[in-house]
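A note on names: the letters A, B, ... follow the listed sequences, proteins ahead of strands, and every chain is numbered from 1. Heavy-atom basis, side chains included; hydrogens, waters and symmetry copies ignored.
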2 protein chains.
Amino acid sequence: MDFSELKSVCGGCTIRELCLPAGLSDEEVLLLDQHMAHRQVVKKGESLYRTGDAFRSLFAVSTGFFKTSILHEDGRAQVTGFQMAGEILGLDAISTDQHICDAVALEDSAVCEITFDRFEELGQLMSNLQHRFNKTLSREIVRDQGVMLLLGSMRSEERLAAFLVNLAKRFAARKQSGSELVLRMTREDIGSYLGLKLETVSRILSRFHDQHLLEVRGRNVRILDQQGLNKLIEGS
Amino acid sequence: MDFSELKSVCGGCTIRELCLPAGLSDEEVLLLDQHMAHRQVVKKGESLYRTGDAFRSLFAVSTGFFKTSILHEDGRAQVTGFQMAGEILGLDAISTDQHICDAVALEDSAVCEITFDRFEELGQLMSNLQHRFNKTLSREIVRDQGVMLLLGSMRSEERLAAFLVNLAKRFAARKQSGSELVLRMTREDIGSYLGLKLETVSRILSRFHDQHLLEVRGRNVRILDQQGLNKLIEGS
DNA sequence: GAGTTTTTTTGATCTATATCAAAATATAGA
DNA sequence: TCTATATTTTGATATAGATCAAAAAAACTC
């Protein structure tokens, strides 16, 4: 981890409205900025934090791409999410003051750090910030329950379709192409997230390719038929 | 729903430390009490709220047992949780101001309601309450990610063992027997929660019975070998 | 840029869990 | 208490996805 102390600048950040400062006034953002610790770089493959680490700060992904995974005693791991610009890492640690997952950068990335104690103080000063943060936490609950639905009641093709459509939407919200995806994670990571084996993920991608839903070239995926994918997700 | 306005009395509540007032001083609890809307009864089979309902309040389960489930377009449903005394219903709705699941009472139950607007105001007055509430939201995230691990990487027997051990722990924390469980939900509900079919749940319960891990008589389950169940969960 | 390692694809086969079916119980209603 | 309905159990069979295996393609390393 590179601790070069670049001062955060939420005010000028392009993804401000997708991140913690969403919905804050300029003055409020300024106050938030003053309390942000610093920006730090996490190289591809490095961990931002690991299971068991003491919880001190939340991290907002500035640039790059992360995965979080929890480890079962016996070595099995479950990928619980993939985070991109504007998304917050560390929310799960608030409950126990310890991180309960590993956060690993899947490409060279940068995060903005804010000490949680500081952040809570700010929440007391700015009811608006606190209100938005409650929503952020709740949104994570909704997301997690969506994954439960995926894992609990959808078939493998539906899961993968839902995964790709979700990724595409999030890229699109960040003004990146919503049809040209570069997957930062391995087939195994995708499989772990979706409760499937990597071979199954690979086979289904090939099948989608054959059905002209996607064009798959390794980790480069182009969505050719968004409609078709959506139909797969909904239609039983 | 019975709207008889029984005044809430967190102060005198036996499960106070498992609920929203956890960790608050007597004075703080008094203030919280003054802002609780009322207690209300939900009869077995009735909904406390349904998907799409406007979100106004959080509900703390006072007595009884609930299940929450989200509905997929095509009719499939996924049970996302079972809530008992002290646990909070409605956390997922904060993000969108709409309920995204149904909350159904599985036995005659009572809940304590608090308007969320009021609650947020209180959070501004009592940093302690806000701090605890952040933890409550985070704890729900941790719980959900535990379910992801369950659904994504555990086999059917392990899932059911984990489910039973979890229920037993929660009953025990409420000074009820941690070995004599009365399941309030159907095999189908359990199956939906665990990503299994009801027949599979039934078969595994029978198998556990044969292996003297449990004594199963319909919905009455006695845990005979907690150790054995734990071994199942951990050991691959 | 050749060599090593990691990731991905594809095929053949196996297996855990689903599905279909029917009897046995339990629960609720009159 | 009797009847109707819903739930649970158990068996027989089917199947989606796992596992095992090996080649092909990418991605690092020196």
_What I want to check is whether an N or O donor and acceptor connect the side chain of Arg207(A) with the base of dT9(C) at under 3.5 Å._
no
*Name the nucleic acid region contacted by Leu198(B), choosing base, sugar-phosphate or nothing; use a 4.0 angstrom heavy-atom cut-off, strictly under.*
base
_Touch class at under 4.0 angstrom, heavy-atom based, for Gly45(A) against every strand present_ = nothing
Dump every N/O contact between nucleotides 24-30 of chain C and the protein below 3.5 Å, one line per pair.
residue: dA28(C); atom: OP1; partner: Lys44(B); partner atom: NZ; Å: 3.2

*asked:* Show me the pairs that pass side-chain hydrogen bond (donor to acceptor under 3.5 Å, both in side chains) and involve residues 194-222 of chain B, at least two apart or across chains.
replied: Glu157(B)-Arg207(B), Glu180(B)-Arg222(B)
*Mind checking whether Leu137(A) and Ile141(B) have side chains closer than 4.5 Å, heavy atoms only?*
yes
*NA contact type, Gly195(A), heavy-atom cut-off 4.0 Å: base, sugar-phosphate, or nothing?*
sugar-phosphate
*Hey, could you give me each pair passing side-chain hydrogen bond (donor to acceptor under 3.5 Å, both in side chains) that has a residue in residues 95-111 of chain A? Not counting sequence neighbours.*
Thr51(A)-Asp102(A), Asp97(A)-Lys135(B), Glu107(A)-Arg184(A)
*Please give the angle, rounded to 10 degrees, between the axes at the start and the end of the helix from dG1(C)-dC30(D) to dA30(C)-dT1(D), where five pairs define each axis.*
70°
_Once side chain to side chain contact (heavy atoms under 4.5 Å, CB included) is applied, do any residues pair with Glu87(B), and if so which ones, sequence neighbours excluded?_
Gln83(B), Met84(B), Arg170(B), Arg174(B)
*Donor-acceptor contact present, side-chain Glu234(B) to main-chain Lys231(B), <3.5 Å*: no
*Can you tell me if the side-chain N/O atoms of Thr200(B) get under 4.0 Å from OP1 or OP2 in dT17(C)?*
no
*Identify whether any heavy atom of Ser206(A) sits under 4.0 Å from a base atom; if not, whether one sits that close to sugar-phosphate; answer base, sugar-phosphate or nothing.*
sugar-phosphate
*Quick one: list whatever passes side chain to side chain contact (heavy atoms under 4.5 Å, CB included) with Ala103(B), sequence neighbours left out.*
Leu48(B), Tyr49(B), Thr68(B), Leu89(B)
*What is the nucleic acid contact for Ser156(B), judged by heavy atoms within less than 4.0 Å: base, sugar-phosphate only, or nothing?*
sugar-phosphate
